[in-house]
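The figures that follow rest on heavy atoms only: side chains count, while hydrogens, waters and symmetry mates do not. Quick caveat: nothing in here was measured; it's all calculated off a predicted structure. By convention here, the first residue in the shown sequence is residue 1.
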Amino acid sequence: MTTLATGDAAPSTAAPRRRRAARRYAPALAGYAFVAVTLLAAGTPALDLLRYTGYAALAVVLPGTLVWRALRRRPHTLAEELAMGAAVGLVLELVGWAVFTAAGVPDRLWLWPLAVLLPFALVPRLRRHWRAGDLTPVPAGWAWSLAGVVAGFTLYLYESFLKVNPVLPADEGQAQYIDLAFQLSLAGAATHQVPLDVPQVAGEPLHYHWFGFAHLAAASLASGVDLPTVFFRLGVPALCALAATLTAVVGWRITGRPYAGVAAAALLFTVGEFGFENGVRQLFGTQATFIVWGSPSMTYSWVLLFPLIAVLAELVGRARGSTVPPVGRGAWVLAALFLAASTGAKASSVPVVLAALALTAAVTLVVRRRLPRAVLAAVGLTVAAQVFATAVLFAFESHGVTVDLFSGLRPYVGEQNSAPVTGLLWAAVLVAFLLNLQLRLAGVVALLRLRRGRLEPAQVFLLGGALAGPAIYLLVGHPGSSNQYFTRAGFAFGVLLSAWGYVELLARAALSRRAAALLGAGTAAFAVLLTAVQLGFPATVPPGRSYAPVLPLLCWAAALLVLAVLVALLWPGLVDRWPGLAGRGGAVLLTGVLAAGAPGLVLDAAQARTYPNGGAYPVERMPASRVAAARYVYAHSAPDDVVATNAHCRAVVSGWCDARSFWLSGYSQRSVLVEGWAFAPRMVGLPGGPYAPFWDAERLRANDAAFTAPTAAGLAELRDRYGVRWLVVDRQVAPESPDLAELADLRYANSRTAVYRLR
């Protein structure tokens, strides 16, 4: 027997353990590194990136993960712990933001996580949640695929949004999607108001879904990063990365199949709308993949909606054979939290959830002749959330939404056609709508076929949401096409169910690892080929016909249908040549169908080089001189100061003011006495659209007189009655009266604007 000499040691296991840890965390680190490098390339200050990362980790993910662990029964994966924890953290952040802002100390918001961290540090029963427990490792392919989805979508954001929208405009010709300054103004108001007023009309209540902008304000306040940097650089990529991760973990949890989750994430964040490049921007009101950067509140609502779907699906009924640990009784608390936050995240979320639960209840009643208590309780909880949203948040404002059947399709059908032609056009436009927005849900059809229509309760729930979204879109109308957001809410349900069907079909095909690799490579080649064809031969829209915008899409679909038929005819010969293809034609076909929209994001990013603001319309000019004046006001004013301006119109058309001007409230982060009033809730949907006149003639008269005919008494009225402390003049709109310099203090001026302080 040999012995170890003094100083010898047994072989260490530390090195293999470190290598395993490195392999385990490499996908997440690579994904974060790619996003970080992209943001740095877009001009994001490195210190701001570090501050925002610290805020996200310590003020959102950490407290939220502790609460998630306290509510769920057993752990699953680290990815789920952190993603679901981040979603819970965003809900808790809303509470912290409201408390600190209402108390008048929003600048102390960085302290709010202590309300969670201290109890979990001091209470013995809670202290154990600092440790995750026995976690299930995620498959390496799952992790790297998700990292690829996040990286690919971040690259799209760089090309379509980050690169073309500077944090602060540097020249007089900068153009900007018209909604962005309005959304920035809401986030600016949320840095010091709760609840929010309309930033463009001081004191006017904002009956709107503004929780997402409160999150952006909280991110700025807690991290110390300037709000425009959060808005134009950090917030959107972070929310998109979190939404993609949540899609993947929720898909895994609901289906019990890991790759169903990552397939759902790819359907949502890699594949775009089918036939996107048809010469028409925002066909059926959408753009490439639901305008995630043009509507950050939509992405924020997904971050809350996916975990809500997860817990409700569990309450409705877990998937048979799933090995994912159940959430347990804490699912009810989580459902209440996510419903409460969803009410003000996006007005379209809760109605779609309610419709999904209603269909589940109806099907259960028909099939089992009873209503499970869990479904009824979930319906009651969702109804309470919708009542709260309608009565409290929206104050029964309709925001222009009316019952108007097929209003989103009607413009493409036109009028003055014979009855047979009209019927044919309606059918063609409806097909185009389904292909454009719903083709990525083709896996649902496969699932119905595989299950012979006998779906599990969770699948019925997902199907209800997938159907409810587009159904509500077709039922109601809106002058600004905002009914499209119901389709987007339903899409969250649909991609999960579609991926479920796709993965089950692949399981039936029993692909070997080599066959799966060949299918993946073939899919990538197919997507590249489609993209190259559309880039090289962009479709053109023939003028003069209402249905013209959908023709390129239908022609593109017809060409691919011919290709599919040709492959089907050749398939028996291919099977004879390669017997391994037998029984796998359905998997190949569905893969091709789901990937048919792959060119969408690439084509949208390519269009950003042509259009001045990334392709979304209409635009507002955002000259650097205007923004500089607004930023001066921000730097030298108190949060509750009110600003007055002589610039109300984005443009004047035939003597009518297009009152969609939001630059001052957006970049000053202050309330404006009267700026552009078109987006005030009471104005949306009125005849005249953005050209409708302002409702308070006396206020507008007093505002404008301060610039055209100022008097000491008039300026005193603005100061004492309305709280105005600053006057901002756009001299290209109209130069101020020379008397103003005698009655107020000129504090700032540039080539276009001047800023006065009232005495």
Worksheet item: Pick one: which of F211, F213, W112, W210 meets ring pair (Phe, Tyr, Trp, His ring centres under 6.0 Å) with W97?
Response: W210
Discussion item. If we check ring pair (Phe, Tyr, Trp, His ring centres under 6.0 Å) with F662, which of these qualifies: Y177, W677, Y667, F679?
Written reply: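 When Y177, W677, Y667, F679 are each tested with F662, the ring pair (Phe, Tyr, Trp, His ring centres under 6.0 Å) holds only for F679.
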Salt bridge between [X] and [Y], side-chain N to carboxylate O under 4.0 Å?
{"X": "R731", "Y": "E736", "result": "yes"}
{"X": "E172", "Y": "R621", "result": "no"}
{"X": "R660", "Y": "D179", "result": "no"}

Practice prompt. Taking the six-membered ring of Y485 (Phe, Tyr or Trp), confirm whether the NZ or CZ of R488 is under 6.0 Å from its centre and within 45° of its axis.
Written response: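 Because its charged atom sits under 6.0 Å from the ring centre and within 45° of the axis, R488 does stack over Y485.
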Worksheet item: Within 45° of the six-membered ring axis of W726 and under 6.0 Å from that ring's centre, is NZ or CZ of R757 located there?
Response: yes
Is [Y] close to [X] at the side-chain level, that is, under 4.5 Å between some pair of heavy atoms?
{"X": "L393", "Y": "H207", "result": "no"}
{"X": "Y156", "Y": "F161", "result": "no"}
{"X": "D604", "Y": "S160", "result": "yes"}
{"X": "F153", "Y": "C240", "result": "yes"}
{"X": "R752", "Y": "P623", "result": "yes"}
{"X": "T229", "Y": "V167", "result": "yes"}
{"X": "V729", "Y": "T753", "result": "no"}
{"X": "K346", "Y": "W302", "result": "no"}

Fill in: Of all pairs that satisfy ring pair (Phe, Tyr, Trp, His ring centres under 6.0 Å), the ones with a partner from residues 731-759, not counting sequence neighbours
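Those involving residues 731-759 are Y632-Y748.
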For [Y], is there any backbone N or O sitting under 3.5 Å from a side-chain donor or acceptor partner on [X]?
{"X": "D641", "Y": "A638", "value": "yes"}
{"X": "R626", "Y": "W663", "value": "no"}
{"X": "D171", "Y": "Q174", "value": "yes"}
{"X": "H648", "Y": "A659", "value": "no"}
{"X": "Q183", "Y": "G294", "value": "yes"}
{"X": "D745", "Y": "R747", "value": "no"}
{"X": "S301", "Y": "M298", "value": "yes"}
{"X": "D730", "Y": "Q732", "value": "yes"}
{"X": "T191", "Y": "G188", "value": "yes"}
{"X": "E159", "Y": "T154", "value": "no"}

Item to complete: Could you pull out all residues at least two apart from R233 that satisfy salt bridge (charged side-chain N to carboxylate O under 4.0 Å, His left out)?
Response: none
Nearest 0.5 Å, what's the [atom1]-[atom2] distance between [X] and [Y]?
{"X": "L94", "Y": "L90", "atom1": "CG", "atom2": "CG", "value": "7.5 Å"}
{"X": "T101", "Y": "L221", "atom1": "OG1", "atom2": "CG", "value": "6.5 Å"}
{"X": "L718", "Y": "R725", "atom1": "CG", "atom2": "CZ", "value": "10.5 Å"}
{"X": "N646", "Y": "T708", "atom1": "CG", "atom2": "OG1", "value": "9.0 Å"}
{"X": "H209", "Y": "T343", "atom1": "NE2", "atom2": "OG1", "value": "11.5 Å"}
{"X": "S661", "Y": "I178", "atom1": "OG", "atom2": "CD1", "value": "8.5 Å"}

Worksheet item: Between F182 and Y208, how do the two ring planes meet: parallel, tilted or perpendicular, split at 30° and 60°?
Response: perpendicular
Item to complete: Can you establish whether the number of heavy atoms outside F707 located under 6.0 Å from its atom CZ is more than 12?
Response: yes
For residues 649-657, dump all side-chain donor-acceptor pairs below 3.5 Å to protein atoms at least two apart in sequence or in another chain.
from	atom 1	to	atom 2	distance (Å)
R650	NE	V619	O	2.6
R650	NH1	D658	OD2	2.7
R650	NH2	V619	O	3.0

Fill in: Residue pairs fulfilling salt bridge (Lys or Arg N to Asp or Glu O under 4.0 Å) with at least one residue in residues 210-230, sequence neighbours excluded
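Matches after skipping sequence neighbours: D226-R631.
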Worksheet entry | Check: E675/T645 side-chain N/O donor and acceptor closer than 3.5 Å |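 No, because no side-chain N or O of E675 sits under 3.5 Å from a partner of the opposite role on T645.
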Discussion item. My understanding is that only residues two or more places apart in sequence, or in another chain, count here; which of them pass side chain to side chain contact (heavy atoms under 4.5 Å, CB included) with V642?
Written reply: A202, L673, V724
Compare every heavy atom of [Y] with every heavy atom of [X], then report the nearest pair and how far apart it is.
{"X": "V225", "Y": "D48", "value": "CG2-O, 3.6 Å"}
{"X": "A489", "Y": "L305", "value": "O-CD2, 3.7 Å"}
{"X": "R670", "Y": "S637", "value": "NE-OG, 2.8 Å"}
{"X": "A706", "Y": "L715", "value": "CB-CD2, 3.7 Å"}
{"X": "A87", "Y": "L304", "value": "O-CD2, 4.2 Å"}

Atom pairs and distances, donor-acceptor, side-chain atoms in residues 49-56, under 3.5 Å, two or more places apart:
from	atom 1	to	atom 2	distance (Å)
T53	OG1	Y32	OH	2.8
T53	OG1	L49	O	2.8
Y55	OH	E93	OE2	2.5

